[in-house]
2 protein chains.
Amino acid sequence: MDIKKNKIIEVAEQLFAQFGFFKTTMEDIAKKAHMAKSSVYYYFKSKEDIFAEVIRQDTFLFQQKLEIAVAAADTPEAKIRAYVTTRMTHLQDLSKFYLTLTDEYLDHYFFVEEVRKNFYEYENRVLKNLLLDGQEQKYFDVDDITVISRMISIAIKGLEYPLFVDKNGYDPVQESNDMLDVIFKGIEKR
Amino acid sequence: MDIKKNKIIEVAEQLFAQFGFFKTTMEDIAKKAHMAKSSVYYYFKSKEDIFAEVIRQDTFLFQQKLEIAVAAADTPEAKIRAYVTTRMTHLQDLSKFYLTLTDEYLDHYFFVEEVRKNFYEYENRVLKNLLLDGQEQKYFDVDDITVISRMISIAIKGLEYPLFVDKNGYDPVQESNDMLDVIFKGIEKR
DNA sequence: CTTTCGACCGAAATACGGTATTGGTCGAAA
DNA sequence: TTTCGACCAATACCGTATTTCGGTCGAAAG
């Protein structure tokens, strides 16, 4: 039954967010879902499986959010700005909620490594397409789109760090837009 | 006697590079410097003291190297490129030598935190000055130098990561110059 | 007076062994 | 098809005994 499976995912998400992957036991999940541990194993073959599914859903929602934001903007520049600021604010929210996950991040990076890699590839694809659009619409002037999109990724990634460390008084939208100002306009006199 | 003090620093540097801060004992340092542990304490008041001195010397040499590279370039743009590429190649060398240090980096970050912060401030100062020069010589066109220099720092920092992880087949000079192309010229059509 | 050293200290890391948890399995029953 | 209690092997955890390590001290050598 799908409703039970969703119940498990639902409670697991809460537990993972609150306690992290390791401190959450299968017993906890089972109890919160009102069933025996073995029953959980009827629906999922392992704890990692549940985690993977939770992440899969979260990622899907995240990407949906990004696509809506991008679609709502009209010029290529606005689309890229929308992408980046949406991305940053979402990550900021995540960092508040998933705080144990970021602490543990070294332990189970086998997992998260892959998710990160996938997201990085996704981001690269999106940026490339947006650059290509901008190129075709004569908004941008770049020769190697692959290189440029990687550079933008890297620059954005640099803005991530304070989200998980400094925490207070950091405005990701402001910082992102400053960064994008540089990337769009450059600093050379025209 | 200064010659003994230098001997200690010399052997300590080797040991720290090879084994890291924690795995290196005062006993090790003393033995390698051919004296008793207490004698080391005659010259330095603590292990951290020795470490600080090692770092101080390395940093000094690093900054000297940077200044020479910058002075050798003529235009503001060339100076910034010289700064960045020198910085990246030096860090690449460091990452090979100090490999244990980067692994341990989470443990003794009390220490390294400060060094990093100092270097970050130094870098910011240098970049600001170079930007200001470029501004005055009408090479650059930026309104808020503080913001711009921070953005450049962040972008460069993003390039650092692969040095300590991917390791193989990463060309920091190439990547740096690609990044600087974006920063100087921007991607908008002119 | 400078320098070296062996002996020593307290705190913290480590080793260890026994116990409790935990992820996962299985077969029975509903 | 779904649920569950009983069970297993591996590992986490916990208290303790032991070692290691950073740092001190006083004596002695030069």
Side-chain angles (χ1 to χ4, degrees), chain A residues 1-56 100-101 103-112 114, chain B residues 1-56 100-101 103-115:
Chain A
M1 216 46 166
D2 242 23
I3 191 154
K4 293 272 177 109
K5 218 177 160 179
N6 285 331
K7 182 73 184 170
I8 294 172
I9 293 173
E10 183 194 322
V11 303
E13 177 171 20
Q14 284 174 244
L15 288 169
F16 286 146
Q18 190 172 0
F19 303 113
F21 179 74
F22 288 109
K23 297 269 179 184
T24 301
T25 73
M26 290 300 273
E27 205 52 62
D28 293 339
I29 295 174
K31 208 175 285 176
K32 194 152 187 173
H34 302 295
M35 58 181 84
K37 189 174 59 158
S38 323
S39 301
V40 175
Y41 277 96
Y42 177 72
Y43 296 101
F44 292 92
K45 73 181 238 295
S46 70
K47 188 180 175 183
E48 305 194 352
D49 231 47
I50 301 177
F51 186 69
E53 189 55 31
V54 167
I55 296 290
R56 235 202 79 251
T100 45
L101 263 188
D103 286 348
E104 286 181 21
Y105 110 100
L106 277 160
D107 302 311
H108 58 289
Y109 66 85
F110 330 99
F111 250 123
V112 180
E114 176 134 352
Chain B
M1 217 43 165
D2 242 22
I3 189 154
K4 292 274 176 108
K5 218 177 162 179
N6 286 331
K7 182 74 186 168
I8 293 172
I9 293 172
E10 184 194 320
V11 303
E13 178 172 19
Q14 286 173 245
L15 288 169
F16 287 146
Q18 191 172 359
F19 303 113
F21 180 75
F22 288 110
K23 297 266 178 183
T24 301
T25 73
M26 291 299 273
E27 206 52 62
D28 293 339
I29 295 173
K31 208 175 283 176
K32 192 153 189 173
H34 302 293
M35 58 182 82
K37 189 175 59 158
S38 325
S39 301
V40 176
Y41 279 96
Y42 177 71
Y43 297 101
F44 292 91
K45 73 182 237 294
S46 70
K47 188 181 174 183
E48 306 196 351
D49 231 47
I50 301 176
F51 186 70
E53 188 56 30
V54 167
I55 296 290
R56 234 202 81 252
T100 45
L101 261 188
D103 287 348
E104 284 183 25
Y105 111 103
L106 276 160
D107 301 312
H108 59 287
Y109 67 85
F110 332 98
F111 252 126
V112 179
E113 196 83 10
E114 176 134 353
V115 178

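Proteins get letters first, then strands, A, B, ... in listed order; numbering begins at 1 in each.
The NZ-P distance, from Lys5(B) to dT2(C), rounds to 15 Å in whole Å. In this entry the distance linking CZ of Phe44(A) with P of dT2(D) reads 13 Å, nearest Å. Regarding Tyr43(B), its OH atom lies at a distance of 20 Å from the P atom of dG22(D), rounded to whole Å. Taking atom CG of Leu15(B) as the reference point, atom P of dG22(D) lies 12 Å away to the nearest angstrom. Nucleotide dT4(C) holds its P atom 16 Å from the CD1 atom of Ile29(B), rounded to whole Å. For Asp28(B) and dG22(D), the CG to C1' distance is 13 Å, given to the nearest whole Å.
Taking every heavy atom of both residues into account, Glu53(A) and Ile9(A) meet most closely at CG-CD1, 3.4 Å. Minimum heavy-atom separation, Lys5(A) to Tyr43(A): CE-O, 3.9 Å. Of all non-hydrogen atoms in Ile50(A) and Ile29(A), the two that sit nearest each other are CD1-CD1, 4.3 Å. When all heavy atoms of Phe21(B) and Lys47(B) are compared, the pair lying nearest together is O-NZ, 3.1 Å.
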Nucleotide by nucleotide, nucleotides 20-25 of chain C touches protein heavy atoms under 4.0 Å in the pattern (B base, S sugar-phosphate only, - none) --SBBB
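Within the structure, every side-chain polar atom (N or O) of Ser39(A) is placed at least 4.0 Å from both OP1 and OP2 of dT2(D).
With contacts defined as side-chain heavy-atom distances shorter than 4.5 Å, the pair Glu10(B)/Asn6(B) does not qualify.
Out of dC5(C), dT3(C), dC4(D), the shortest distance to the side chain of Tyr42(B) is found at dT3(C). Closest to the side chain of Lys4(A), out of dC4(D), dT3(D), dT4(C), is dT3(D).
Annotation: the span from Phe51(A) atom CZ to Phe22(A) atom CZ amounts to 9.0 Å, rounded to 0.5 Å.
Taken over five-pair windows at either terminus, the axes of the helix from dC1(C)-dG30(D) to dA30(C)-dT1(D) are inclined to one another by 30° (rounded to 10 degrees).
Using modelled atom types, one side-chain atom of Asp28(A) and one backbone atom of Thr25(A) make a donor-acceptor pair closer than 3.5 Å.
Applying the side-chain hydrogen bond (donor to acceptor under 3.5 Å, both in side chains) rule to pairs touching residues 31-41 of chain A yields nothing, sequence neighbours excluded.
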Apply side chain to side chain contact (heavy atoms under 4.5 Å, CB included) to Met35(A) and Ile8(A), showing your working.
CA-CA 10 Å; Met35(A) 58 181 84; Ile8(A) 294 172; 4.1 Å; yes
